[in-house]
Undergrad: 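Right, I'll just put the structure down here and ask away after.
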Amino acid sequence: MTYVITEPCVDVKDKTCIDECPVDCIYEGARMLYIHPDECVDCGACEPVCPVEAIYYEDDLPEQWGEYTQINADFFAELGSPGGASKVGLTENDPPAVKNLPSRAEDPAAPGV
Ligand code: F3S
Ligand code: F3S
């Protein structure tokens, strides 16, 4: 099991979650951040600090964000398990489902605006 970051993070990237994670397993893509499903130790510290409530325990994901478990995992298809996000930094690995979302600026009705 793991915690999962979902769509409200897209184009927001508040990053308060990063400061809370004891194992540095929250990685940055161009449009959102992703939790490494194998490196996360399920401590839950990140979940309450996200101002847009983008983070959920895998079992508690709202139905509308169900696909984000796979999307978080897909982000790491090329990266593998680097064992620390700070040394990886910003990447362009957003999976297509995230990359192709309308930008918040173009879609004022998008959640989180
Ligand atoms: Fe995103 Fe929330 Fe973290 S907006 S970067 S999941 S604090
Ligand atoms: Fe880190 Fe959140 Fe997992 S703080 S260990 S990503 S539950």
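Just so it is clear, the model here is predicted, and its values are computed rather than measured. We count ligands from 1, going down the list as the structure has it; atoms in each ligand are counted the same way. We use all heavy atoms of the structure for the numbers below, so side chains are in, but hydrogens, waters and symmetry mates are not.
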Undergrad: Same cluster or not: are L90 and V12 linked, directly or through other Ile, Leu, Val, Met, Phe, Trp or Tyr residues, by side-chain heavy atoms under 4.5 angstrom apart?
TA: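 L90 does not cluster with V12.
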
Undergrad: Nearest protein heavy-atom contact for atom 3 (Fe) of ligand 2: which residue, which atom, what distance?
TA: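 Ranked first by proximity to atom 3 (Fe) of ligand 2 is C40 SG, 2.4 Å.
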
Undergrad: Going by the atom numbers of ligand 2, which of them fall below 4.0 Å from some non-hydrogen atom of Y3?
TA: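 Once the distances to Y3 are compared, the set is 7 (S).
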
Undergrad: Within a distance under 4.0 Å of any heavy atom of V52, pick out the atoms of ligand 1 and give their elements.
TA: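 Ligand 1 atoms under the 4.0 Å threshold to V52: 4 (S).
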
Undergrad: Using the rule side-chain contact (heavy atoms from CB on, under 4.5 Å), only one of I18, V88, L33 pairs with E28; which is it?
TA: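 For E28, the side-chain contact (heavy atoms from CB on, under 4.5 Å) test succeeds with only one of I18, V88, L33, which is L33.
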
Undergrad: Hey, are the side chains of C25 and C40 touching, using non-hydrogen atoms and a 4.5 Å cut-off?
TA: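 Yes; the side chains approach each other to less than 4.5 Å.
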
Undergrad: Can you count the protein N, O or S atoms that lie less than 2.8 Å from atom 3 (Fe) of ligand 1?
TA: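 My tally for this metal is 1.
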
Undergrad: Donor-acceptor check, side chain of N100 to backbone of P96, threshold 3.5 angstrom: yes or no?
TA: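 Flag set: sc N100 to bb P96 pair under 3.5 Å.
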
Undergrad: I want to check something: taking the side chain as every heavy atom from C-beta on, are C43 and E20 in contact at a cut-off of under 4.5 Å?
TA: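 Of all side-chain heavy-atom pairs linking E20 with C43, none is under 4.5 Å.
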
Undergrad: For K99, does its backbone N or O pair with a side-chain atom of R31 as donor and acceptor, under 3.5 Å?
TA: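 Looks like yes, one N/O pair under 3.5 Å.
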
Undergrad: May I ask you to list the atoms of ligand 2 that are less than 4.0 angstrom from any heavy atom of C43?
TA: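 Every atom of ligand 2 under 4.0 Å from some heavy atom of C43: 4 (S), 5 (S), 7 (S).
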
Undergrad: Looking at residues at least two apart in the chain, or sitting in another chain, which of them share a side chain to side chain donor-acceptor pair (under 3.5 Å) with T91?
TA: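 Per chain and number, T91 pairs via side chain to side chain donor-acceptor pair (under 3.5 Å) with no residue.
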
Undergrad: So if I count the atoms of ligand 2 from 1 in the order they appear, which ones are less than 4.0 Å from some heavy atom of G44?
TA: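 Going through ligand 2 atom by atom, the ones under 4.0 Å from G44 are 7 (S).
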
Undergrad: Starting from atom 6 (S) of ligand 2, locate the nearest protein heavy atom and write down its residue, its atom name and how far away it is, to 0.1 Å.
TA: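 That would be C25 SG, 3.5 Å.
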
Undergrad: Suppose I only count heavy atoms of V23 and a 4.0 Å limit; which atoms of ligand 2 are within that range?
TA: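 Answer for ligand 2: 5 (S).
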
Undergrad: Would you mind telling me which of D74, N72, D94, N93 makes a side-chain hydrogen bond (donor to acceptor under 3.5 Å, both in side chains) with Y34?
TA: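 The single option meeting the side-chain hydrogen bond (donor to acceptor under 3.5 Å, both in side chains) with Y34 is D94.
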
Undergrad: Group every Ile, Leu, Val, Met, Phe, Trp and Tyr by side-chain heavy-atom contacts under 4.5 Å, then state whether Y68 and Y57 land in the same group.
TA: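 They do share one cluster, since a chain of ILVMFWY contacts under 4.5 Å joins Y68 to Y57.
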
Undergrad: Using a heavy-atom cut-off of under 4.0 Å, does the side chain or the backbone of V41 touch ligand 2, or both, or neither?
TA: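 For V41, the contact with ligand 2 is made by both the backbone and the side chain.
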
Undergrad: Could you tell me whether any N, O or S atom belonging to C21 is less than 2.8 Å from atom 1 (Fe) of ligand 2?
TA: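 An N, O or S atom of C21 is closer than 2.8 Å to atom 1 (Fe) of ligand 2, so yes.
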
Undergrad: My understanding is that only one of T6, I35, V49 makes a side-chain contact (heavy atoms from CB on, under 4.5 Å) with I55; could you say which?
TA: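 With I55 as partner, side-chain contact (heavy atoms from CB on, under 4.5 Å) holds for just one option, I35.
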
